[in-house]
**Student:** 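Supplied in structure tokens, the structure appears directly below.
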Amino acid sequence: MPTVGPYLLPHILPGLHHTYASLKLFVRENTPKALELDLLEGRLDLVLIPKPFGNPRLTTEVLFDEPMKLITPDDHPLAKLKKSDPRIWKARIY
């Protein structure tokens, strides 16, 4: 996913290259559904995608939880909430 690649891969790839010098790694971005399909059809060996994900034909491992923050201008209606609930964002964003 776009948020993972630029932040995570620079920390992982040098170690992988050092440990597995002959490893050929090709990195690509796509939607989670497209990556899942490519994985199921054998075009990819592994994917990094966000949760929720649950396909019984695939083995998954949670690597980390990434905190998400809602940021709004002070005068936005959502800024007045003491606690944010993502289920109401669509109804309140205008």
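Just so you know, residue 1 is the first one in the sequence shown, and it goes up from there.
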**Student:** For the hydrophobic clusters of this structure (ILVMFWY residues joined by side-chain heavy atoms under 4.5 Å, transitively), does one cluster hold both Y20 and I12?
**Tutor:**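 Result: yes, single cluster for both.
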**Student:** Looking only at non-hydrogen atoms, find the nearest pair between K80 and D75 and report the distance.
**Tutor:**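 Nearest pair, atom of K80 first, then D75: NZ-O, 3.8 Å.
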**Student:** Is there side-chain contact between R57 and L40, with heavy atoms separated by less than 4.5 Å?
**Tutor:**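 Contact flag for R57/L40 side chains = yes.
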**Student:** Do L58 and L37 belong to the same hydrophobic cluster, where Ile, Leu, Val, Met, Phe, Trp and Tyr are linked whenever their side-chain heavy atoms lie under 4.5 Å apart, directly or via other members?
**Tutor:**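 No, separate clusters.
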**Student:** Treating Ile, Leu, Val, Met, Phe, Trp and Tyr as nodes and any side-chain heavy-atom pair under 4.5 angstrom as an edge, say whether L23 and L9 lie in one connected cluster.
**Tutor:**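 Yes, it is one cluster - the side chains of L23 and L9 are joined through contacts under 4.5 Å.
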**Student:** With a 4.5 Å heavy-atom cut-off, do R28 and D38 have their side chains touching?
**Tutor:**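 Contact flag for R28/D38 side chains = yes.
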**Student:** Could you tell me which non-hydrogen atom of T72 sits nearest to which non-hydrogen atom of A79, and how far apart they are?
**Tutor:**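 Answer, listing the atom of T72 first, then A79: OG1-CB, 3.3 Å.
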**Student:** When you compare the side chain of E36 with that of V47, does any pair of heavy atoms fall below 4.5 Å?
**Tutor:**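 No, side chains not in contact.
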**Student:** Of all heavy-atom pairs between N30 and L35, which one has the smallest distance, and what is that distance?
**Tutor:**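 Taking every non-hydrogen atom into account, O-CD1, 3.6 Å.
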**Student:** Do you reckon V27 sits in the same ILVMFWY cluster as L16, going by side-chain contacts under 4.5 Å, direct or chained?
**Tutor:**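 In one cluster with V27: L16, yes.
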**Student:** Could you state the interatomic distance from CG (L39) to CG (N55), rounded to the nearest 0.5 Å?
**Tutor:**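 Here the rounded value is 8.5 Å.
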